[in-house]
Amino acid sequence: MMIKKYISYSLFALLLMMGVGCDSWLDQRPINGVVKQDFWKTKEQVRSALMGAYASMNGNYRGYHLAERMFVWGELRGYMVALNTGASFDEIQVILGNIQSTNRISDWSGFYGTINLCNNVIDNGPGALDTDPTFKVEDLNNYVAEAKAIRAMMYFYLVRSFGDIPLSIEAVDSDEDQLTIPKTARAEVLQQIVKDLEEAEPEIYAQHETNADSKGRMTRYAVNALQADVYLWMENYEAAATAADKVLAGPYALVRQENWLQEIFVQGNSQESIFEIQYAAPQSNPFYPMFSTTIGRRYLAYPSVLEETFGFSIDSPEDIDLRSIDATLKSSGEIWKYIGLGPNQRREQTDSYANWIIYRLADVMLMKAEALSQIGRGEEALEIVAEIRERGGAIPETEENPSASSANDMVRYILRERARELAFEGKWWFDLLRVSKMNDYSNLDLLLNAAIVNAPETNLSSILNQLRDTRSHYLPIYNVELNANPLLEQNPYYLK
């Protein structure tokens with residue numbers, strides 16, 4: 001049932017800054033007709049609305065943070081992440097391959113809440129030019145471009161996780177609206193993402209006022225990083241390489257390995273960072289109860305990650321991929337990137353303010369390598385991988401020598417290097433799925449092998465059969481959304 005909410009001007013402003021929404025994305029109405037007449041009058045109001053969209057990404061929406069959901073959608077089905085004693089029933093069902101429409105991990109409402117905040121900036125922000133003579137056109141264009149870039153990022157997470165999804169690019173700004181729309185084909189959603197980013201690129205600022213703003217808000221370089229990611233997913237490798245080159249020409253540099261944990265994950269906003277969701281007191285992040293072994297205790301690294309991914313051998317304990325130390329080389333199995341302050345020092349729960357990194361330079365470099373491997377530039381791709389490995393302190397045991405002319409051998413090697421460099425950063429399932437589905441699922445064995453290594457033996461046969469059905473690679477539509485929107489149809493795999 002649609003729950004109508006009449007929101008006053010003051011509450012609207014508060015919701016924008018706190019990122020709070022209604023019970024369903026279908027009900028996310030930040031303003032009614034009266035409020036709209038009073039708002040969108042000044043540049044300050046447009047800016048505050050945009051900041052509300054950013055705030056919605058680091059706030060707690062319907063019981064979860066977007067960064068938490070980005071991690072879960074990007075990692076849990078890839079079988080690098082194991083469950084600890086604090087895991088929920090829903091998380092256990094994902095690992096067991098028993099995902100139903102009642103599973104709250106399929107709740108997409110937070111993403112659509114952010115999308116609607118962006119839609120409001122895009123649709124209503126330009127009106128402030130008529131009422132605020134101090135509002136510069138270039139500032140407005142930048143705000144709208146930032147909103148389009150955020151919207152594109154939200155839709156990219158959704159389309160990779162669910163396939164066909166509802167596509168809403170108009171603001172829901174009236175309590176009288178009954179927004180019920182069907183799903184849009186994933187190819188059309190991807191085209192809208194491309195369009196948003198193409199329109200945002202020439203208007204968005206390359207940098208903002210401060211370093212934290214330039215890392216915590218969308219910039220031209222963040223748009224280019226997202227473009228590279230999107231084009232890889234679409235198998236448009238020339239465009240992906242071009243977009244990546246634009247980032248590599250920007251003001252970024254790899255952090256030295258000895259400072260890797262401290263600068264990238266503890267302090268945040270490093271010279272390597274392109275875009276990260278910001279956390280600062282009093283808004284803590286969700287990571288401590290996710291990764292701590294004392295409170296929450298939800299996620300660990302599978303023990304096999306050290307051997308299978310980082311090449312660790314008990315017979316040669318001195319040969320250690322240095323990145324594994326900061327990822328998971330702990331007897332406890334802790335995922336250290338998010339809770340460590342140093343090699344042996346944990347954060348306190350009261351100091352859990354690490355940012356969630358969405359794009360950093362090493363990620364984009366490996367995107368470029370993947371694109372180059374598919375367009376006959378394998379030697380250049382290998383040079384990039386070698387640079388990432390040298391910075392990361394990789395060990396000889398994980399070095400491979402694929403033929404530069406073998407696109408498939410190359411992309412598999414790059415995938416394994418991405419697993420080492422970006423372990424537990426919300427990338428692995430999306431990387432696995434992207435490479436597996438290349439050339440009409442010519443690499444499906446990658447998904448199957450990931451499950452064979454770590455999936456529960458009691459459910460392995462059914463999990464493998466599930467993964468062979470490519471429709472299962474997308475999550476079900478959450479039953480709350482199905483009940484709220486009669487035009488929504490469940491994803492085909494979950495109709496049986």
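All values below were derived from every heavy atom in this structure, side-chain atoms included, with hydrogens, water molecules and symmetry-related copies excluded. Positions are given from 1 along the sequence.
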Is the distance between the ring centroids of Trp336 and Phe424 under 6.0 Å? no
Quick one: does Asp107's side chain get under 4.5 Å of Tyr64's, heavy atoms only? yes
Counting distance only, does the side-chain N/O of Asn120 pair as donor-acceptor with the main-chain N or O of Asn116 below 3.5 Å? yes
Taking the side chain from Arg69 and the backbone from Leu66, do they hold a donor-acceptor pair closer than 3.5 Å? no
Is there a donor-acceptor pair under 3.5 Å between the side chain of Tyr112 and the backbone N or O of Pro166? yes
For the residue pair Asn491 / Lys183, report whether a side-chain donor-acceptor contact shorter than 3.5 Å exists. yes
Would you tabulate the side-chain donor-acceptor contacts of residues 150-159 under 3.5 Å, counting partners in other chains and residues two or more places apart, or write 'none'?
| residue | atom | partner | partner atom | Å |
| --- | --- | --- | --- | --- |
| Arg151 | NE | Asp196 | OD2 | 2.9 |
| Arg151 | NH1 | Asn119 | OD1 | 2.8 |
| Arg151 | NH1 | Ile169 | O | 3.4 |
| Arg151 | NH2 | Asp196 | OD1 | 2.8 |
| Arg151 | NH2 | Asp196 | OD2 | 3.2 |
| Tyr155 | OH | Ser168 | N | 2.7 |
| Tyr155 | OH | Ser168 | O | 2.8 |

Look only at the side chain of Glu199 and the backbone of Ala145, and say whether a donor-acceptor pair between them is shorter than 3.5 Å. no
Short N-O contact, Arg418 and Asp363, less than 4.0 angstrom: yes
Tyr338 meets the ring-ring contact (aromatic ring centres under 6.0 Å, His included) criterion, sequence neighbours left out, with Phe287, Phe291, Trp356
Might you work through the side-chain hydrogen bond (donor to acceptor under 3.5 Å, both in side chains) test for Thr219 and Ser214, ending with a clear yes or no? CA-CA 7 Å; Thr219 62; Ser214 294; over 6 Å; no
Checking Glu146 against Tyr54: is there a side-chain donor and acceptor pair closer than 3.5 Å? yes
In the structure I gave you, are the side-chain heavy atoms of Thr184 and Ile165 within less than 4.5 Å of one another anywhere? no
Does the side-chain contact (heavy atoms from CB on, under 4.5 Å) test come out yes or no for Thr134 and Lys43, once each step is laid out? CA-CA 8 Å; Thr134 67; Lys43 62 179 182 291; 2.6 Å; yes
Is it true that Lys41 and Asp132 make a salt bridge, defined as a side-chain N closer than 4.0 Å to a carboxylate O? no
Would you tell me whether Asn269 and Gln278 have side-chain atoms, one donor and one acceptor, within less than 3.5 Å of each other? yes
Exactly one of Ile99, Leu433, Ile105 clears side chain to side chain contact (heavy atoms under 4.5 Å, CB included) with Arg77, and that residue is Ile99
Could you state the interatomic distance from CG (Asp229) to CD1 (Ile193), rounded to the nearest 0.5 Å? 10.0 Å
Is the CD atom of Glu235 crowded by more than 12 outside heavy atoms at less than 6.0 Å? yes
side-chain contact (heavy atoms from CB on, under 4.5 Å) between Leu475 and Trp73, intermediate numbers included: CA-CA 9 Å; Leu475 292 169; Trp73 287 355; 3.7 Å; yes
What I'd like to find out is whether the side chain of Lys215 reaches to under 4.5 Å of the side chain of Phe275, using heavy atoms alone. no
Indicate every side-chain donor-acceptor pair of residues 347-354 with a distance under 3.5 Å to a residue at least two apart or in another chain.
| residue | atom | partner | partner atom | Å |
| --- | --- | --- | --- | --- |
| Arg347 | NH1 | Asp351 | O | 2.8 |
| Arg347 | NH2 | Val266 | O | 3.4 |
| Ser352 | OG | Asn285 | OD1 | 2.5 |

Give a yes or no on whether a salt bridge exists between Lys148 and Glu198, defined as a side-chain N under 4.0 angstrom from a carboxylate O. no
Gln283 side chain to Tyr279 main-chain N or O, any donor-acceptor pair under 3.5 Å? no
Using only heavy-atom distances, determine whether the side chains of Asp213 and Thr210 contain a donor-acceptor pair under 3.5 Å. yes
Hits for ring-ring contact (aromatic ring centres under 6.0 Å, His included) against His473, two or more places apart or cross-chain, chain-then-number order -> Tyr441
Is it the case that the ring center of Tyr221 lies less than 6.0 angstrom away from the ring center of Tyr252? yes
Between Trp428 and Gly78, is there a donor-acceptor pair closer than 3.5 Å when you use the side chain of the first and the backbone of the second? yes
Could you report the tightest heavy-atom contact between Thr114 and Ser56, atom names first, then the distance? OG1-OG, 2.7 Å
Whether the side chain of His65 engages the backbone of Met70 through a donor-acceptor N/O pair (distance < 3.5 Å, no angle test) should be reported. no
Determine the interplanar angle of the Tyr299 and Phe71 rings, folded into 0 to 90°, and report it as parallel if under 30°, tilted if 30 to 60°, perpendicular if over 60°. tilted
Under 4.0 Å between a Lys/Arg side-chain N and an Asp/Glu carboxylate O for Glu421 and Arg416? no
Look at the side chain of Ser106 and the backbone N and O of Pro476, then say whether any donor-acceptor pair between them is shorter than 3.5 Å. yes
What is the minimum heavy-atom distance between Glu334 and Leu300, and which atoms define it? N-CD2, 4.2 Å
Could you measure the distance from the CD atom of Glu387 to the CG atom of Leu366? Nearest 0.5 Å is fine. 10.0 Å
Between Arg298 and Ser292: side-chain donor-acceptor atoms closer than 3.5 Å: no
Derivation of the side-chain contact (heavy atoms from CB on, under 4.5 Å) call for Lys246 and Val223: CA-CA 10 Å; Lys246 292 177 182 179; Val223 166; over 6 Å; no
Evaluate the criterion side-chain contact (heavy atoms from CB on, under 4.5 Å) for residue pair Trp260 and Lys337; output intermediate values, then yes/no. CA-CA 10 Å; Trp260 197 67; Lys337 285 181 175 179; 3.6 Å; yes
Tell me, which pairs form a salt bridge (charged side-chain N to carboxylate O under 4.0 Å, His left out) where one or both residues lie in residues 264-292, sequence neighbours left out? Glu272-Arg360, Glu272-Arg391
Glu370/Arg434 salt bridge by N-O under 4.0 Å criterion: yes
Side chains of Asp90 and Gln93, donor plus acceptor under 3.5 Å: no
Pair Glu425 + Lys427: basic N to acidic O under 4.0 Å: no
Partner set under side chain to side chain donor-acceptor pair (under 3.5 Å) for Asn211, not counting sequence neighbours: none
Using only heavy-atom distances, determine whether the side chains of Glu201 and Asn224 contain a donor-acceptor pair under 3.5 Å. yes
Would you say Arg160's side chain and Phe430's backbone share a donor-acceptor pair under 3.5 angstrom? no
Looking at Tyr205 and Glu138, would you say the former's side chain and the latter's main chain have a donor-acceptor pair under 3.5 Å? yes
Set out, in order, the CA-CA distance, both residues' side-chain angles and the distance that settles side-chain hydrogen bond (donor to acceptor under 3.5 Å, both in side chains) for Arg420 and Thr309, then state yes or no. CA-CA 6 Å; Arg420 286 183 281 273; Thr309 301; over 6 Å; no
Trp429 and Tyr79: ring pair (Phe, Tyr, Trp, His ring centres under 6.0 Å), yes or no, with the steps? CA-CA 8 Å; Trp429 168 258; Tyr79 291 106; 8.5 Å; no
Specify the closest pair of heavy atoms between Ala225 and Ile274, including all atoms of both residues, with the distance to one decimal. CB-CG2, 4.4 Å
Would a line drawn from the ring center of Phe162 to the ring center of Trp108 be shorter than 6.0 Å? yes
